[in-house]
**Q** 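After the structure tokens below, expect a handful of questions from me.
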There are 2 protein chains.
Amino acid sequence: MSNATISDVAKKVGVSESTVSRYLSGFKVRNSELIKRAIKELNYRPNIMARNLKSGKTGMVAVIVPDITNPFFAAIVRGAEVAAGDDYMLQLISTGDDPEKEEAAIRRLVGRVDGLIYVPSKENSPAISEIEAKTFPVVFVDRVISKMKNFDSVLADNHHGALLATKHLIEHGHTNIAHIAGPVTSTPGKGRAEGYSAALKDSKIDKNPDFFVESDFTVLGGYQAMMSLLNLKKRPSAVFVGNNLMTIGALKALKEAKVKVPEQMAIIGFDDHELSDLVNPPLTVISRDAHLQGALAMATLLERIKEGYQFPPKQLKVDANLVVRMSCGSTCPYRKTNADKHVLSSSISS
Amino acid sequence: MSNATISDVAKKVGVSESTVSRYLSGFKVRNSELIKRAIKELNYRPNIMARNLKSGKTGMVAVIVPDITNPFFAAIVRGAEVAAGDDYMLQLISTGDDPEKEEAAIRRLVGRVDGLIYVPSKENSPAISEIEAKTFPVVFVDRVISKMKNFDSVLADNHHGALLATKHLIEHGHTNIAHIAGPVTSTPGKGRAEGYSAALKDSKIDKNPDFFVESDFTVLGGYQAMMSLLNLKKRPSAVFVGNNLMTIGALKALKEAKVKVPEQMAIIGFDDHELSDLVNPPLTVISRDAHLQGALAMATLLERIKEGYQFPPKQLKVDANLVVRMSCGSTCPYRKTNADKHVLSSSISS
DNA sequence: AAGTTATCTGCAATCGTTTTTAGAAATAAA
DNA sequence: TTTATTTCTAAAAACGATTGCAGATAACTT
């Protein structure tokens with residue numbers, strides 16, 4: 001009952017293997033009806049591994065994310081998956097933010113997939129020779145590796161998002177504004193920290209170094225960061241938290257310390273969530289379309305796979321919107337958006 | 001600069017391809033040092049597709065889930081991934097609850113992966129001949145297909161969980177208890193509905209058919225279900241919602257209708273979330289270890305791949321705990337758990 | 001040193017396709 | 001009917017590894 005091969009089909013019909021192969025590839029063939037029948041009767045399915053070996057293609061694309069459990073990354077993966085359609089299947093790797101695992105994973109991946117969508121954990125993650133040699137197509141999403149800024153990427157407008165967030169706080173009269181940042185060694189960590197600083201500078205607010213605490217994008221990290229903020233002799237009155245997970249942690253800390261939001265502490269997060277609306281109080285956040293990011297990444301990857309490195313790297317950016325709810329003191333929720341223009345800029349750098 | 005093959009290495013060293021191959025497989029070889037050097041210099045990496053073709057193994061396992069964006073499924077996938085370790089890589093497919101897509105996906109998967117972890121959307125999803133013929137190992141997680149109940153599976157103790165939930169409501173004095181159920185054509189939908197009924201029966205509470213509304217496991221579905229409950233002339237005073245997404249929808253409906261929780265309506269959900277603690281009011285839920293479910297599934301799948309269908313099907317069950325917070329009227333949060341015994345029963349059925 | 005045993009090696013076949021090449025059959029042109 | 005042209009076909013050579021077999025080295029025995 002082991003699987004029938006193309007030669008079984010050929011034998012049964014009385015033609016050569018090559019004829020069956022041509023039939024399968026859509027060429028016109030004399031006994032196509034007989035072949036069709038034989039295939040059905042033998043329940044023949046072409047051996048994909050043999051086909052791959054011959055063609056040098058695998059029909060697969062890998063996606064490396066720090067953690068599929070983070071809804072933001074899940075959205076990216078989903079976006080990539082729908083954009084891939086039936087053309088490519090997805091291989092998933094969660095690295096748990098460990099650059100060594102990333103490198104090991106990529107090493108295994110080369111030759112096993114036709115391309116890679118890559119969310120590196122740190123900007124100084126090791127570069128892979130195959131990628132640099134442009135023999136293994138990759139597009140970076142959300143984060144880039146500093147040595148490889150010149151590759152395809154789909155980022156978010158972190159700077160603008162952070163600017164929006166911080167300004168929103170300022171507009172509510174705050175001047176003692178803290179920022180719980182992600183690792184500044186990561187693209188979004190850095191970008192958002194810079195946006196935060198820029199907003200303060202724009203409004204001529206002095207930066208208090210105590211109010212900037214660098215954390216690690218995790219719930220626990222956010223919790224500890226907020227706790228340290230609360231332990232300051234002079235507390236901030238508002239805080240901009242640099243990602244979704246840390247915001248949850250910060251909220252837990254606030255709740256535990258019985259600090260009233262937004263009265264005693266205003267808070268704004270980065271990345272929206274289905275539940276943000278339902279927490280107490282409803283959470284004001286910066287939001288961007290992660291699904292779209294994933295889809296754009298897949299689209300440019302497929303293009304790159306097909307065309308090779310003929311065309312220059314595409315560096316796409318997705319916009320960030322302010323979703324106003326109630327955690328910053330606003331009383332009436334609203335959304336400040338760039339209308340429908342979600343792909344903000346698509347700078348082509350040679 | 002195209003990739004070096006094993007024959008390049010062999011030529012460079014002056015040995016035969018088989019010798020290099022043996023070296024790679026860990027046999028003792030005379031010129032191992034030379035070979036090692038040549039491999040490094042040529043940057044030789046064995047061609048996986050050729051290896052697969054020869055061995056008939058792919059080193060890959062697929063995971064089919066309805067939607068990776070649902071944190072519960074993401075946890076399953078993550079659990080499976082860590083359990084796989086370095087032995088197998090994961091291929092991910094989200095089917096969007098479409099049985100046809102499931103079937104198409106499985107068809108493509110056969111021959112491309114060594115086994116499958118499968119969360120089918122409906123119990124009457126089509127059976128696949130390769131699976132039935134036990135020529136393609138599969139383990140079902142969370143849900144099963146009715147025709148294939150005799151295969152490996154890792155379910156949750158839905159019945160007991162639902163019983164716990166409903167009893168908790170009853171203990172708080174409720175008698176008009178509604179259930180927003182998932183599709184009763186799905187394993188958990190059915191199991192939880194039955195647990196709900198059993199609890200009512202145990203307490204000799206008459207079942208009000210108006211209070212049972214079958215929905216679809218989505219946020220929107222939960223929202224609509226709750227709305228229909230609120231539109232009843234005689235409203236229930238408490239509701240047990242059958243999964244995480246529908247709970248979010250129900251909560252949204254409650255908020256929109258300005259119904260006070262738990263005073264006017266007590267609510268308990270199925271599946272916990274990092275944010276459940278932070279919503280208003282903190283949500284009481286039934287929780288189970290989805291990560292563990294995924295890990296167990298992967299473990300039994302790998303075993304199955306290695307051993308074939310010699311040993312009888314394993315049907316594992318993971319326990320469900322009550323996590324008490326405040327959405328049912330309790331004032332002091334606590335957790336009712338089966339201590340550390342998370343794998344409840346492991347019934348071996350021949 | 002010769003015989004016996006244990007290791008290691010190269011050759012060739014194999015895995016199941018696709019693709020090139022050259023020849024056979026069919027069709028069109030003269 | 002013969003020649004020129006177009007289509008199809010089969011045989012064979014890839015693709016890049018692994019493995020059984022038989023012969024060659026090396027390592028022990030006595």
Side-chain angles (χ1 to χ4, degrees), chain A residues 1-36 38-39 41-60 107-114 130 135-136, chain B residues 1-36 38-60 89 107-114 130 135-136:
Chain A
M1 233 327 100
S2 79
N3 271 345
T5 76
I6 200 172
S7 110
D8 296 331
V9 177
K11 237 169 263 167
K12 175 151 194 169
V13 178
V15 295
S16 77
E17 306 178 12
S18 27
T19 302
V20 179
S21 176
R22 313 193 101 90
Y23 166 80
L24 289 172
S25 326
F27 284 70
K28 203 191 274 177
V29 158
R30 206 118 50 211
N31 323 43
S32 56
E33 276 311 315
L34 290 182
I35 296 180
K36 189 189 211 170
I39 286 178
E41 282 175 14
L42 294 174
N43 188 30
Y44 164 73
R45 310 182 57 55
N47 181 308
I48 298 133
M49 295 179 274
R51 190 174 270 179
N52 289 347
L53 172 58
K54 212 22 189 144
S55 67
K57 301 278 162 218
T58 65
M60 280 201 253
R107 294 241 108 86
R108 295 187 70 188
L109 250 19
V110 173
R112 200 181 281 267
V113 297
D114 296 339
E130 279 88 353
T135 182
F136 182 57
Chain B
M1 231 327 98
S2 79
N3 270 344
T5 76
I6 199 172
S7 109
D8 296 331
V9 177
K11 236 168 266 166
K12 174 151 197 170
V13 178
V15 295
S16 78
E17 306 179 12
S18 26
T19 302
V20 179
S21 175
R22 309 194 126 94
Y23 165 81
L24 289 171
S25 326
F27 285 70
K28 203 190 275 177
V29 159
R30 206 117 52 210
N31 322 42
S32 56
E33 276 312 315
L34 289 182
I35 296 181
K36 190 188 211 172
I39 286 179
K40 196 140 275 170
E41 282 174 14
L42 293 174
N43 188 29
Y44 164 74
R45 310 184 58 55
N47 181 308
I48 298 132
M49 294 179 273
R51 192 175 268 180
N52 288 348
L53 172 58
K54 204 41 183 127
S55 66
K57 301 280 162 215
T58 66
M60 279 202 252
M89 309 204 83
R107 293 242 108 87
R108 294 187 69 187
L109 250 19
V110 172
R112 199 181 282 266
V113 297
D114 296 339
E130 279 88 354
T135 181
F136 182 57

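Within every chain, numbering begins at 1; the chains are lettered A, B, ... in the order of the sequence lines, protein sequences first and strands thereafter. Not measured: the values here are computed from a predicted model.
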**Q** Listing request: all salt bridge (Lys or Arg N to Asp or Glu O under 4.0 Å) pairs with a residue in residues 25-34 of chain A, at least two apart in sequence or in separate chains.
**A** none

**Q** Which atom pair, heavy atoms only, marks the closest approach of Arg112(B) to Met60(B)?
**A** O-CB, 4.4 Å

**Q** For DNA chain D, which nucleotides open and close the run of contacts to chain A, 5' to 3', at under 4.0 angstrom from a non-hydrogen atom?
**A** dC8(D) to dG16(D)

**Q** If you look only at pairs with a residue in residues 44-60 of chain A, which of them pass as a side-chain hydrogen bond (donor to acceptor under 3.5 Å, both in side chains), with sequence neighbours excluded?
**A** Thr58(A)-Asp114(A)

**Q** Considering only heavy atoms of chain A and a distance under 4.0 Å, specify the first and last nucleotide of DNA chain C in 5' to 3' order that meet this criterion.
**A**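 Boundary nucleotides touching chain A, in 5' to 3' order, are dG16(C) to dT20(C).
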
**Q** When rounded to the nearest 0.5 angstrom, what is the spacing between OG1 in Thr135(A) and CD in Glu130(A)?
**A**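 Rounded to the nearest 0.5 Å, the OG1-CD separation comes to 7.0 Å.
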
**Q** Which pair of heavy atoms, one from Ile48(B) and one from Gly111(A), lies closest together, and at what distance?
**A**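 Taking every non-hydrogen atom into account, CD1-C, 4.1 Å.
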
**Q** Identify whether any heavy atom of Thr5(A) sits under 4.0 Å from a base atom; if not, whether one sits that close to sugar-phosphate; answer base, sugar-phosphate or nothing.
**A**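 Answer is sugar-phosphate: Thr5(A) comes under 4.0 Å of backbone atoms only.
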
**Q** Taking only distance into account, with no hydrogens and no angle test, what donor-acceptor pairs under 3.5 Å do side-chain atoms of residues 6-14 of chain B form with protein atoms, sequence neighbours excluded?
**A**
from     : atom 1 : to       : atom 2 : distance (Å)
Asp8(B)  : OD2    : Thr5(B)  : N      : 2.9
Lys12(B) : NZ     : Glu41(B) : OE1    : 2.9

**Q** At what angle, to 10 degrees, do the two end axes of the helix from dA1(C)-dT30(D) to dA26(C)-dT5(D) meet, given five pairs define each axis?
**A**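 Overall, the helix from dA1(C)-dT30(D) to dA26(C)-dT5(D) bends by 40° from one end axis to the other.
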
**Q** Just grab all the side-chain hydrogen bond (donor to acceptor under 3.5 Å, both in side chains) pairs involving residues 15-24 of chain B, residues at least two apart or on different chains.
**A** Ser16(B)-Ser18(B), Ser16(B)-Thr19(B)

**Q** Please give me every residue in residues 19-33 of chain A whose heavy atoms get under 4.0 Å of an atom in DNA chain D, ordered by residue number.
**A** Thr19(A), Arg22(A), Lys28(A), Val29(A), Arg30(A), Asn31(A)

**Q** How far does CE of Met89(B) sit from CZ of Arg108(A), to the nearest 0.5 angstrom?
**A** 4.5 Å

